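Chain identifiers are assigned alphabetically (A, B, ...) following the order of the sequence lines, protein sequences preceding nucleic acid strands; residue numbering begins at 1 within each chain. Note that the coordinates shown come from a computational prediction; the quantities given were computed from them, not determined experimentally.
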Amino acid sequence: MATRKSKALNIEYPSAETVQIIQQSLLSWYQNDHRDLPWRKNTDPYSIWVSEIMLQQTRVDTVIPYYERFMKQFPTIFDLAQATDEQVVKAWEGLGYYSRARNLHAAAKEVVGKYGGRVPDDLITISSLKGVGPYTAGAILSIAYNKKVPAVDGNVMRVFSRLFALTDDIASISTRKKMEKIAEHLIPDDAPGDFNQALMELGAMICTPTSPQCLFCPVQSVCNAYHQGIQEELPRKKKAKPPQEVPVVVAWITCDEYCVVEKRENHGLLRGMWSLPTWEEITEEDAVESLQNICAEKQLSIKDIRIVGKLEHIFSHRHWKITIVAIHLEKKQDQLLSRWKWINIDELEQIALPNVYRKALDLLF
DNA sequence: GACGCGTGGAA
DNA sequence: TTTCCAAGCGT
């Protein structure tokens, strides 16, 4: 017999009675208690889409002002499609995970070009768009089109882990697939969007990572973890590695009212973003000497060079220990690295600069 | 499956 | 101070 390499998910579905209790309790609670968030004013697919991309790995309170500005600047998908990459990334400045902005922009152009600006309403097509994965596809289809598609994010996995006392590692892909099966089983035919949002809202407001507010939980009566008193032990999740420490030198190179900015490579950390000239793996002790050598190679005549500050910045997987070196040049030479460019210091605020460099500039001024 | 990809908030 | 993140996706 030919064996198939699909892992049995071993799902125990709740009874029909339990399903009904969960549906009614959650929907009732959500309709009464849900937060009045800006992306809940309507169910326009484009608006929902933008909000879901911004909310990926990002807190609601952080997203709100960005969302408001973004929707004012790009009210429709046509406005976004017609914008330049620079404009879109600038609107994303400070939000992080900048590939989200580039993917959203590219996908918006694709939707306008191929579908007349109508956001696809089927799972296969919408999932083919850049930056739209299983969660985002489900969120858009259920919230904007009221389709019965699961939208399983970290909130939902935490809620399900507790509700059904599941000990699976929520960091694994197979667990998410299992949760999606359970969600499909739970979503009511008449309110998929509200139900999916209710699950996430519960995870955000009641079934929180630490100190869940079980006494106020609308589904406490059917919560397996609560009855066993193990809600604080769930969900199970494999620990992530701490960010790797890297010594970094950032240069503040000036001449008169100009400074040098650097366009980062199109791969890796902060890909394609503007920055200040940056070198990894140069320690503070070697900072000045290294930059003197680098300037000598480029035949840049230094008027003054000194360490002007230190800064630590932690990305998702790297921990930069930064030494900021100010270099004042004799001449504003044109022959620089291809990725370098002189700009007027006043123009720094017009380019999209990741926060690590904004923090560096704050130290300087 | 594992890792790369930003940021700022909370405990 | 340290840890863990928060409505994930691409490779």
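The side chain of A/K237 has C/dC5 as its nearest neighbour among B/dG1, C/dG8, C/dC5.
Across all strands shown, A/W92 has no heavy atoms under 4.0 Å from either base or sugar-phosphate atoms. Across all strands, A/P242 comes closer than 4.0 Å to no nucleic acid atom at all (heavy-atom distances). Looking at heavy-atom distances under 4.0 Å, A/R102 makes no contact with the nucleic acid at all. A/L37 comes within 4.0 angstrom of a nucleotide base, judged by non-hydrogen atoms across all strands. No engagement by A/R264 is indicated, since no non-hydrogen atom pair under 4.0 Å with the nucleic acid exists. Across all strands, A/V132 comes closer than 4.0 Å only to sugar-phosphate atoms, never to a base (heavy-atom distances).
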Which atom pairs, one a donor and one an acceptor, fall under 3.5 Å between side chains of residues 225-239 of chain A and the rest of the protein, sequence neighbours left out?
| residue | atom | partner | partner atom | Å |
| --- | --- | --- | --- | --- |
| A/H227 | NE2 | A/S221 | O | 2.9 |
| A/Q228 | NE2 | A/N224 | OD1 | 2.6 |

Contacts under 3.5 angstrom, residues 201-214 of chain A side chains, donor-acceptor by atom type, not counting sequence neighbours:
| residue | atom | partner | partner atom | Å |
| --- | --- | --- | --- | --- |
| A/E201 | OE1 | A/R35 | NE | 3.4 |
| A/E201 | OE1 | A/R35 | NH2 | 3.0 |
| A/E201 | OE1 | A/R40 | NH1 | 3.2 |
| A/E201 | OE1 | A/R40 | NH2 | 2.9 |
| A/E201 | OE2 | A/R35 | N | 2.9 |
| A/E201 | OE2 | A/R35 | NE | 2.9 |
| A/T208 | OG1 | A/T210 | O | 3.0 |
| A/T208 | OG1 | A/S211 | O | 3.4 |
| A/Q213 | NE2 | A/S211 | O | 2.8 |

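A side-chain N or O of A/D79 and one of A/T76 form a donor-acceptor pair less than 3.5 Å apart.
Spacing between B/dC5 and C/dA6 at atom P, rounded to whole Å, works out to 22 Å. Between B/dG1 and C/dG8, the distance separating the two C1' atoms is 16 Å to the nearest Å. Going from the P atom of B/dG8 to that of C/dC9 covers 23 Å, rounded to whole Å. Taking atom P on both B/dC3 and C/dC4, the two are 16 Å apart, rounded to the nearest angstrom.
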Shorter than 3.5 Å, N or O on both sides, protein versus nucleotides 4-8 of chain B: list them out with atom names.
| residue | atom | partner | partner atom | Å |
| --- | --- | --- | --- | --- |
| B/dC5 | OP1 | A/L269 | N | 2.7 |
| B/dC5 | OP2 | A/H317 | NE2 | 2.2 |
| B/dG6 | OP1 | A/Y98 | N | 3.0 |
| B/dG6 | OP2 | A/L270 | N | 2.5 |
| B/dG6 | O4' | A/Y97 | N | 3.0 |
| B/dG6 | N7 | A/Y97 | OH | 3.3 |
| B/dG6 | O6 | A/Y97 | OH | 2.9 |
| B/dG6 | N1 | A/Q57 | O | 3.0 |
| B/dG6 | N2 | A/Q57 | O | 3.3 |
| B/dG6 | N2 | A/T58 | OG1 | 3.0 |
| B/dG6 | N2 | A/L95 | O | 3.4 |
| B/dT7 | OP1 | A/Y98 | OH | 2.9 |
| B/dT7 | OP1 | A/N355 | N | 2.6 |
| B/dT7 | OP2 | A/H313 | NE2 | 2.9 |
| B/dT7 | O3' | A/N355 | ND2 | 3.0 |
| B/dG8 | OP1 | A/N355 | ND2 | 2.1 |
| B/dG8 | N2 | A/R59 | NH1 | 2.7 |

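Atom CG in A/L55 sits about 16 Å away from atom P in B/dG9, given to the nearest Å. Remark: C1' of C/dT11 and NZ of A/K130 are 13 Å apart, rounded to the nearest angstrom. A straight line from CD of A/E52 to P of C/dG8 spans 9 Å, rounded to a whole angstrom. Between A/K238 atom NZ and C/dT3 atom P there is a gap of 18 Å when expressed in whole angstrom units. Distance A/Q244 CD to C/dT3 C1': 18 Å, rounded to the nearest Å. In this structure, the CE atom of A/M179 is 15 Å from the C1' atom of C/dG8, given to the nearest Å. If you take CG of A/D168 and C1' of B/dG1, they are 16 Å apart, rounded to a whole angstrom. Straight-line distance from the CZ atom of A/R158 to the P atom of C/dA6: 6 Å, rounded to whole Å.
At most 12 non-hydrogen atoms from other residues, nucleotides or ligands lie less than 6.0 angstrom from CD of A/E349.
Salt-bridge formation is detected for the pair A/R176/A/E180: a Lys NZ or Arg NE/NH1/NH2 atom is positioned less than 4.0 Å from an Asp or Glu carboxylate oxygen.
Between A/T136 and C/dC9, a side-chain N or O to OP1/OP2 separation shorter than 4.0 Å is present. At B/dA2, none of the side-chain N or O atoms of A/K241 fall inside 4.0 Å of OP1 or OP2 (strictly under the cut-off).
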Side chain to side chain donor-acceptor pair (under 3.5 Å), that's the test. Do A/E52 and A/Y135 meet it? Break it down for me. CA-CA 9 Å; A/E52 292 301 340; A/Y135 163 74; 2.6 Å; yes
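If you find the closest nucleotide of DNA chain C to A/S127 and to A/V60, the one lying nearer the 5' end belongs to A/V60.
Of the listed residues (A/Y66, A/F74, A/Y67), just one forms a ring pair (Phe, Tyr, Trp, His ring centres under 6.0 Å) with A/F70, and that residue is A/F74.
Below 30°, between 30° and 60°, or above 60°: for A/W320 and A/Y357 the angle between ring planes is above 60°, a perpendicular geometry.
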